[in-house]
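Reading through the structure tokens given below for one structure.
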Amino acid sequence: RQELVTFLHRSAGVMGYDRTATTELSDYTDADLVQPYALEAFQWAVAEGVIKGTTETTLEPEATTTRAQVCLMVCRLLSQQD
């Protein structure tokens, strides 16, 4: 999941999307598992609603992403820009 979030964050930059939104991840019990390279991307993606936790308190950054999750995150990203 963190690789996908990083990819979407970088893609959003290339597409000219605003990537200034950020949020703390402290509400998620596994936030410490987010690798440093993916931290800014996760903070942005959570703030923008591009990614949701797998539960109310977990992000599962090291989990495998399903095709359905990829489609949902891409759709959420694209819906950010009208």
Side-chain angles (χ1 to χ4, degrees):
R1 290 168 53 90
Q2 62 193 348
E3 287 85 0
L4 176 61
V5 168
T6 301
F7 171 78
L8 293 175
H9 183 250
R10 291 176 182 169
S11 296
V14 169
M15 296 181 335
Y17 288 23
D18 180 8
R19 299 183 306 162
T20 58
T22 189
T23 190
E24 290 297 318
L25 303 178
S26 56
D27 290 342
Y28 297 97
T29 59
D30 57 355
D32 60 324
L33 297 176
V34 176
Q35 295 297 310
Y37 75 86
L39 183 59
E40 180 182 348
F42 250 108
Q43 291 170 326
W44 165 81
V46 170
E48 288 289 343
V50 173
I51 191 169
K52 309 280 186 193
T54 53
T55 70
E56 290 292 319
T57 59
T58 58
L59 290 169
E60 293 191 44
E62 297 177 335
T64 301
T65 307
T66 67
R67 285 182 288 186
Q69 290 170 334
V70 172
C71 290
L72 186 57
M73 285 186 237
V74 169
C75 285
R76 287 177 181 157
L77 171 64
L78 295 175
S79 71
Q80 298 296 319
Q81 300 298 103
D82 295 283

Item checked: Min side-chain heavy-atom separation Glu48-Arg19 under 4.5 Å -> no
Check: Do Val50 and Phe7 belong together in a cluster built from hydrophobic side chains that touch within less than 4.5 Å?
Finding: yes
Next item on the list: Mind checking the CD-OG1 spacing from Glu40 to Thr22? Nearest 0.5 Å is all I need.
Entry: 7.5 Å
Next item on the list: Could you pull out the closest heavy-atom pair between Tyr17 and Leu77, with the gap in Å?
Entry: CE2-O, 3.4 Å
Item checked: Gln69, CD atom: more than 12 neighbouring heavy atoms under 6.0 Å -> yes
Check: Quick one: does Tyr28's side chain get under 4.5 Å of Val46's, heavy atoms only?
Finding: yes
Check: How close do Gly53 and Leu59 get, heavy atom to heavy atom, and via which atoms?
Finding: CA-CD2, 4.1 Å
Notebook entry, point to check: Is it true that a side-chain atom of Gln2 and a backbone atom of Gln35 form a donor plus acceptor pair closer than 3.5 Å?
Noted result: yes
Checklist line | Distance-minimising heavy-atom pair for Leu78 and Met15 | finding: CD2-CE, 4.2 Å
Note to self: I want to check something: taking the side chain as every heavy atom from C-beta on, are Thr54 and Arg1 in contact at a cut-off of under 4.5 Å?
What the structure shows: yes
Notebook entry, point to check: Going by heavy atoms in the side chains, are His9 and Phe42 under 4.5 Å from each other?
Noted result: no
Checklist line | Donor-acceptor pair, side chain of Thr29 and main chain of Thr57, under 3.5 angstrom | finding: yes
Check: Between Glu60 and Asp30, what is the shortest heavy-atom contact and its length?
Finding: N-OD2, 2.7 Å
Next item on the list: Quick one: pull up CG in Leu39 and OG1 in Thr6 and give me the separation to the nearest 0.5 Å.
Entry: 9.5 Å
Check: Do you know the tightest heavy-atom contact between Met73 and Leu8?
Finding: CB-CD1, 3.7 Å
